[in-house]
Chemist: 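Structure provided below as structure tokens; questions to follow.
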Amino acid sequence: MSKRHEGDRGEAAERKGVFSRLRLTSLRLRLVVVFALVALTAAVSASGIAYWLNREAVLTRAQDAVLRDFQQEMQNRAGALPEHPSQDELQHTAGQMANSSQRFSVLLVATDASGKTVYGSSGGLNGFSLQEVPTSLRTAVDRQQKLTGANKSPYHLYWQRIVEDGTPYLVAGTRVIGGGPTGYMLKSLEPEAKDLNSLAWSLGIATGLALIGAALLAQAAATTVLKPVQRLGVAARRLGEGKLDTRLRVSGTDELADLSRTFNKAAEALEKRVADMAARDEASRRFVADMSHELRTPLTAITAVTEVLEEELEAESGGIDPMVEPAVRLVVSETRRLNNLVENLMEVTRFDAGTARLVLDDVDVADQITACIDARAWLDAVDLDAERGIHARLDPRRLDVILANLIGNALKHGGSPVRVSVRETDSEVVIQVRDHGPGIPEEVLPHVFDRFYKASASRPRSEGSGLGLSIAQENAHIHGGGITAANSEEGGAVFTLRLPRDASELARQEEQSREQARGETKGREQEGDAR
């Protein structure tokens with residue numbers, strides 16, 4: 001493999017690791033996000049309130065100072081003008097008023113002695129003009145108020161904030177009490193706007209820093225809180241993998257420490273319970289195996305006797321008393337049944353103990369099925385649909401056991417003819433066994449491969465032991481395949497056997513697994529001896 005391909009694989013593995021960590025830390029991310037959102041909401045709210053309060057304070061302070069100065073200038077300088085001043089007098093007075101401490105533009109409006117409206121602006125002809133004053137403000141300034149006990153002046157000072165070309169301004173106007181010119185003032189609020197922009201930037205930076213601080217705090221809190229949870233998750237996975245000696249280190253007295261103690265107690269109870277169940281299971285398997293071995297010795301002798309009795313039954317000389325013949329036939333039949341049961345029990349114990357092994361060979365599937373049918377004299381009752389040349393690497397003996405059980409079960413409980421068909425794919429061989437009987441009841445289908453299960457509870461004694469289909473399924477599994485049972489739409493039951501074309505790789509993997517299990521068992525035994 002080239003270095004570039006190795007680098008691509010490394011990058012892919014790294015990306016996969018990153019995504020895995022993201023999945024593992026999803027709770028951490030949510031906690032950080034919640035902290036950040038809370039901090040952001042609090043910081044934005046506080047900054048918004050602070051900005052609004054400071055804005056109002058800055059604008060109100062600047063506005064009050066300007067309006068107070070303008071009103072004072074109107075009383076002192078504009079009030080000193082004659083009732084009908086000339087334009088030069090208005091111009092001169094407007095210039096003096098603009099030179100006050102607040103430095104605003106002034107526009108004075110009055111009527112001269114001839115009744116003509118004259119204007120005086122602090123900026124000359126190109127200065128502050130009446131068109132720059134909002135109409136609503138001019139209307140309010142010119143409106144004469146009714147004199148009451150609470151209102152002792154017919155005219156008042158009015159002001160308004162406007163924006164021209166992006167620059168904020170304060171516009172105000174009033175009339176001289178007792179007769180005289182009307183004055184308008186224009187003051188730029190750009191310095192205050194710059195101060196407020198600086199304040200907004202400062203509050204924004206503070207909000208960002210608060211957000212970063214909240215994220216760091218959330219990260220620290222998440223690490224503190226979730227680290228025990230992560231350890232608990234790792235311990236739970238180890239426990240699920242069968243490492244029942246897994247325990248958590250407990251420190252502290254908080255809820256997480258209580259959770260760790262509870263986990264340790266649960267793991268200890270589970271380990272004890274599994275050990276007891278394993279011991280009982282081992283004792284049960286040993287009992288069945290020992291019983292089967294012990295039965296074989298007397299069964300061998302009984303089988304020899306029954307063979308002699310069977311020969312006497314078949315002899316033409318009539319060596320058996322006709323009154324005893326039914327009993328002899330029953331003994332022969334039950335002995336044969338008992339012998340098959342013992343053989344099946346021994347096979348089951350080998351599967352349970354994990355000592356069953358495959359003896360693989362190249363098998364022509366059609367030839368193997370033909371041999372199975374011929375050996376049991378089923379040629380007239382079985383219809384075979386299989387092409388020769390379909391080869392697979394399987395255990396011939398175990399395949400024969402599977403086929404004998406499936407075909408024998410179909411002949412016994414189904415109806416003739418039994419049809420056996422074979423097809424192949426790139427990776428497996430599929431064998432179907434179909435009968436023409438009534439089919440399998442729906443409530444029985446999930447249990448057909450259970451040990452000692454019989455469909456009819458009213459007939460607990462039958463020729464079969466209830467182990468045949470279970471043993472067939474175990475033999476299929478040891479090859480890496482399986483068997484399924486179903487009912488055909490055309491009537492009858494259909495058993496489908498799927499086996500890999502080559503079971504060698506599975507056999508090697510199982511052998512490695514057994515070696516590893518033996519190594520782990522030996523390691524635990526040595527560790528126990530060291531303790």
Side-chain angles (χ1 to χ4, degrees), residues 333-334 336-348 350-351 356 363 365-366 368-386 394-423 429-479 481-499:
S333 174
E334 290 300 312
R336 186 179 293 112
R337 180 172 176 270
L338 181 59
N339 197 28
N340 290 335
L341 176 60
V342 171
E343 292 295 330
N344 287 338
L345 285 175
M346 293 186 67
E347 185 72 7
V348 167
R350 282 191 286 268
F351 282 121
V363 175
V365 178
Q368 185 70 27
I369 298 175
T370 302
C372 174
I373 297 172
D374 188 28
R376 291 161 179 85
W378 290 340
L379 288 175
D380 295 336
V382 177
D383 182 13
L384 178 60
D385 179 15
L394 305 169
D395 187 326
R397 185 186 70 84
R398 296 188 183 278
L399 178 57
D400 182 76
V401 171
I402 297 173
L403 294 172
N405 277 292
L406 294 181
I407 299 174
N409 185 75
L411 290 172
K412 186 186 305 180
H413 302 289
S416 297
V418 172
R419 182 177 179 82
V420 180
S421 60
V422 181
R423 60 185 176 88
V429 175
V430 181
I431 303 174
Q432 281 192 338
V433 179
R434 179 191 166 198
D435 61 50
H436 289 77
I440 305 173
E442 292 297 328
E443 66 274 11
V444 175
L445 272 176
H447 306 286
V448 292
F449 297 106
D450 293 350
R451 295 177 181 177
F452 299 106
Y453 182 82
K454 296 183 180 180
S456 177
S458 63
R459 299 174 59 193
R461 286 183 56 83
S462 63
E463 185 178 349
S465 63
L467 290 174
L469 290 179
S470 174
I471 291 175
Q473 183 75 284
E474 293 288 351
N475 278 301
H477 286 166
I478 199 174
H479 280 89
I483 308 174
T484 58
N487 287 315
S488 173
E489 296 180 355
E490 301 174 0
V494 179
F495 285 84
T496 303
L497 168 65
R498 296 179 181 274
L499 296 175

Chemist: Side chains of Leu445 and Asn487: closer than 4.5 Å at any heavy-atom pair?
Modeler: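 Sidechains of Asn487 and Leu445: in contact.
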
Chemist: So which of Val422, Val429, Val433, Leu399 actually passes side-chain contact (heavy atoms from CB on, under 4.5 Å) with Leu497?
Modeler: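 In the set Val422, Val429, Val433, Leu399, the residue that makes a side-chain contact (heavy atoms from CB on, under 4.5 Å) with Leu497 is Leu399.
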
Chemist: Considering all heavy atoms of both residues, which atom of His479 and which atom of Leu499 are nearest to each other, and what is their separation?
Modeler: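 Looking at all heavy atoms of both residues, the shortest contact is CB-CD2, 3.9 Å.
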
Chemist: So if I apply the side-chain contact (heavy atoms from CB on, under 4.5 Å) rule between Gln432 and each of Val494, Leu406, Thr484, which one comes out positive?
Modeler: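 Filter result, single survivor: Val494.
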
Chemist: For Glu443, is the CD atom crowded, meaning more than 12 foreign heavy atoms sit under 6.0 Å from it?
Modeler: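 More than 12 within 6.0 Å, yes.
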
Chemist: So which atom in Phe495 and which in Ala485 form the shortest heavy-atom distance, rounded to 0.1 Å?
Modeler: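 Heavy-atom minimum between the residues: CE2-CB, 3.6 Å.
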
Chemist: Can you confirm whether Ile407 sits close enough to Ile373 that some side-chain heavy atom of one is under 4.5 Å from a side-chain heavy atom of the other?
Modeler: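 Yes, their side chains come closer than 4.5 Å.
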
Chemist: Where the side chain of Asn405 meets the backbone of Val401, is there a donor-acceptor pair that is under 3.5 Å apart?
Modeler: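 Between the backbone of Val401 and the side chain of Asn405 there is a qualifying donor-acceptor contact (under 3.5 Å).
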
Chemist: If the condition is salt bridge (charged side-chain N to carboxylate O under 4.0 Å, His left out), which residues does Glu490 pass it with, not counting sequence neighbours?
Modeler: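 Per chain and number, Glu490 pairs via salt bridge (charged side-chain N to carboxylate O under 4.0 Å, His left out) with Arg434.
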
Chemist: Is there a donor-acceptor pair under 3.5 Å between the side chain of Gln368 and the backbone N or O of Pro396?
Modeler: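 Such a contact is found between Gln368 side chain and Pro396 backbone.
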
Chemist: Ile431 and Leu403: side chain to side chain contact (heavy atoms under 4.5 Å, CB included), yes or no, with the steps?
Modeler: CA-CA 9 Å; Ile431 303 174; Leu403 294 172; 4.3 Å; yes

Chemist: Indicate the atoms forming the closest heavy-atom contact of Ala386 with Ala366, along with that distance.
Modeler: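 What the structure gives for the nearest pair is CB-CB, 4.0 Å.
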
Chemist: Please collect all salt bridge (charged side-chain N to carboxylate O under 4.0 Å, His left out) contacts where either partner lies in residues 413-423, sequence neighbours excluded, each pair once.
Modeler: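 Passing the test, one end in residues 413-423: Asp383-Arg419, Asp385-Arg419.
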
Chemist: Less than 4.5 Å apart, side chain to side chain, heavy atoms only: is that true for Arg376 and Val382?
Modeler: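 Arg376 vs Val382: side chains apart.
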
Chemist: Can any side-chain N or O of Gln473 pair as donor or acceptor with the backbone N or O of Ile483 at less than 3.5 Å?
Modeler: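 Such a contact is found between Gln473 side chain and Ile483 backbone.
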
Chemist: Under 3.5 Å, which donor-acceptor pairs link side chains of residues 435-442 to any protein atom two or more places apart or in another chain?
Modeler:
residue	atom	partner	partner atom	Å
Asp435	OD1	Gly437	N	3.0
Asp435	OD1	Ala493	N	3.0
His436	ND1	Pro417	O	2.7

Chemist: How long is the gap from CD on Glu474 to CZ on Phe449, to the nearest 0.5 Å?
Modeler: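 Result: 11.0 Å between the selected atoms.
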
Chemist: Which heavy atom in Ile402 sits nearest to a heavy atom in Ala472, and how many Å separate them?
Modeler: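 Looking at all heavy atoms of both residues, the closest pair is CG1-O, 3.7 Å.
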
